[in-house]
Amino acid sequence: SESLRNAVELMPHYAEAWNNLGASYLQLGQFEKAADALERAVELKPDSGMTMHNLAQALAFSGRTGEAIAWWRRAADASPDSPIILEALALHLAASAEDSLRDGPQAVRLAQQACELTNDRAPTCLDALAAAYAEVGEFERAVQTADHAAELARKAGDLSFADDIERRRDLYQSRQAYRLPRAPDH
């Protein structure tokens with residue numbers, strides 16, 4: 001990230017440099033620094049859905065879920081055909097640890113849209129759809145969708161993700177919705 005910090009010093013009005021710095025901080029787990037850099041990137045390029053998505057991720061990992069959801073909504077407005085953005089927003093609307101932030105019916109609509117955009121081949125989108133179905137009490141559909149997601153993840157060689165999906169599937173089979181873990185206080 002040293003070279004990325006140099007890039008923003010040399011080109012302080014270049015949104016992509018700020019976005020790259022923020023993404024680097026995200027990977028390093030420095031979420032507040034990531035949010036600061038990504039807020040600057042959004043100021044410079046306010047129509048970039050992926051930059052808003054990155055900012056939302058940083059905010060969510062920082063425990064600022066309400067702000068994150070607001071940014072994911074803006075990102076979805078800017079990039080309505082991005083399954084990555086739709087899936088992230090759907091998952092947080094379905095499974096937020098904060099009751100007041102959940103909106104199951106909207107989560108179902110968004111996750112279905114993400115799944116349609118990926119022809120039901122993206123395990124992450126299907127996982128979000130399963131969580132959304134569980135949130136609205138459609139547990140049978142949640143189990144079936146989670147099974148499909150886990151199968152695709154296994155075929156793709158992502159065994160850890162498949163195991164995570166199957167743990168959530170067990171919740172749905174027990175007629176329980178999934179909740180995202182709360183971010184640790186920073």
Side-chain angles (χ1 to χ4, degrees), residues 1-98 101 107 110-111 113-115 117-118 121-128 131 149 152-153 156-165 167-168 178-186:
S1 68
E2 180 73 31
S3 61
L4 293 171
R5 280 194 300 274
N6 291 338
V8 297
E9 287 175 17
L10 291 171
M11 301 175 288
H13 300 293
Y14 185 50
E16 196 61 34
W18 285 101
N19 183 59
N20 292 343
L21 179 61
S24 174
Y25 283 137
L26 260 176
Q27 289 183 329
L28 294 171
Q30 298 177 2
F31 305 124
E32 290 298 332
K33 285 183 177 182
D36 291 343
L38 292 162
E39 284 172 351
R40 181 69 179 129
V42 169
E43 287 172 14
L44 293 168
K45 192 173 180 185
D47 60 344
S48 173
M50 283 311 294
T51 301
M52 289 182 244
H53 166 71
N54 290 341
L55 174 56
Q57 284 186 302
L59 293 168
F61 285 127
S62 297
R64 297 159 59 186
T65 309
E67 291 174 71
I69 288 173
W71 278 108
W72 269 310
R73 288 184 195 280
R74 289 180 63 180
D77 288 343
S79 301
D81 293 328
S82 170
I84 293 169
I85 293 168
L86 296 173
E87 171 269 318
L89 176 56
L91 180 63
H92 282 78
L93 289 174
S96 173
E98 298 177 46
L101 298 178
L110 292 165
Q113 186 179 349
C115 288
L117 288 166
T118 60
R121 304 302 300 161
T124 54
C125 295
L126 290 164
D127 183 42
L152 290 174
D158 196 345
L159 303 182
S160 176
F161 186 46
D163 289 345
D164 290 343
I165 295 168
R167 278 190 286 280
R168 289 187 281 280
Y178 170 65
R179 294 295 172 253
L180 290 163
R182 290 190 185 273
D185 292 330
H186 289 273

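The CG atom of Asp127 sits 11.5 Å away from the CG atom of Leu152 when rounded to the nearest 0.5 Å. Once rounded to the nearest 0.5 Å, the distance linking CG of Leu21 with CZ of Arg40 reads 12.0 Å. For the atom pair CG of Leu55 and CD of Glu67, the computed distance is 8.5 Å after rounding to the nearest 0.5 Å. Rounding to the nearest 0.5 Å places CH2 of Trp71 at 11.0 Å from CZ of Arg64. Summarising the geometry, atom CZ belonging to Arg74 is positioned 15.0 Å from atom CD1 belonging to Ile69; distances are rounded to the nearest 0.5 Å. For the atom pair Cys125 SG and Gln113 CD, the distance stands at 10.5 Å (nearest 0.5 Å).
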For this session: Show your reasoning for whether side-chain contact (heavy atoms from CB on, under 4.5 Å) applies to Val42 and Glu39.
Result: CA-CA 5 Å; Val42 169; Glu39 284 172 351; 5.8 Å; no
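Scanning all heavy atoms of the two residues, the minimum distance from Leu38 to Leu26 falls at CD1-CD1, 4.4 Å. Residue Met52 comes nearest to Pro46 through the heavy atom pair CE-O, 3.2 Å, listed as atom of the first residue, atom of the second, then distance. Nearest heavy-atom pair, Phe161 versus Ala153, reported as atom, atom and distance to 0.1 Å: CD2-CB, 4.0 Å. Taking every heavy atom of both residues into account, Ala60 and Ala68 meet most closely at N-CB, 3.6 Å. Here the closest non-hydrogen pair linking Ala58 and Ala34 is CB-CB, 3.9 Å.
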Which pairs of donor and acceptor atoms, one on a side chain in residues 79-97, lie under 3.5 Å apart (sequence neighbours left out)?
residue	atom	partner	partner atom	Å
Ser82	OG	Ile85	N	3.3
His92	ND1	Ala88	O	3.0
Ser96	OG	Glu98	N	3.0
Ser96	OG	Glu98	O	3.4

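The side chain to side chain donor-acceptor pair (under 3.5 Å) search around Asp164 returns Arg167, not counting sequence neighbours. Looking at residues two or more places apart in sequence or on another chain, you find a side chain to side chain donor-acceptor pair (under 3.5 Å) between Trp72 and His53.
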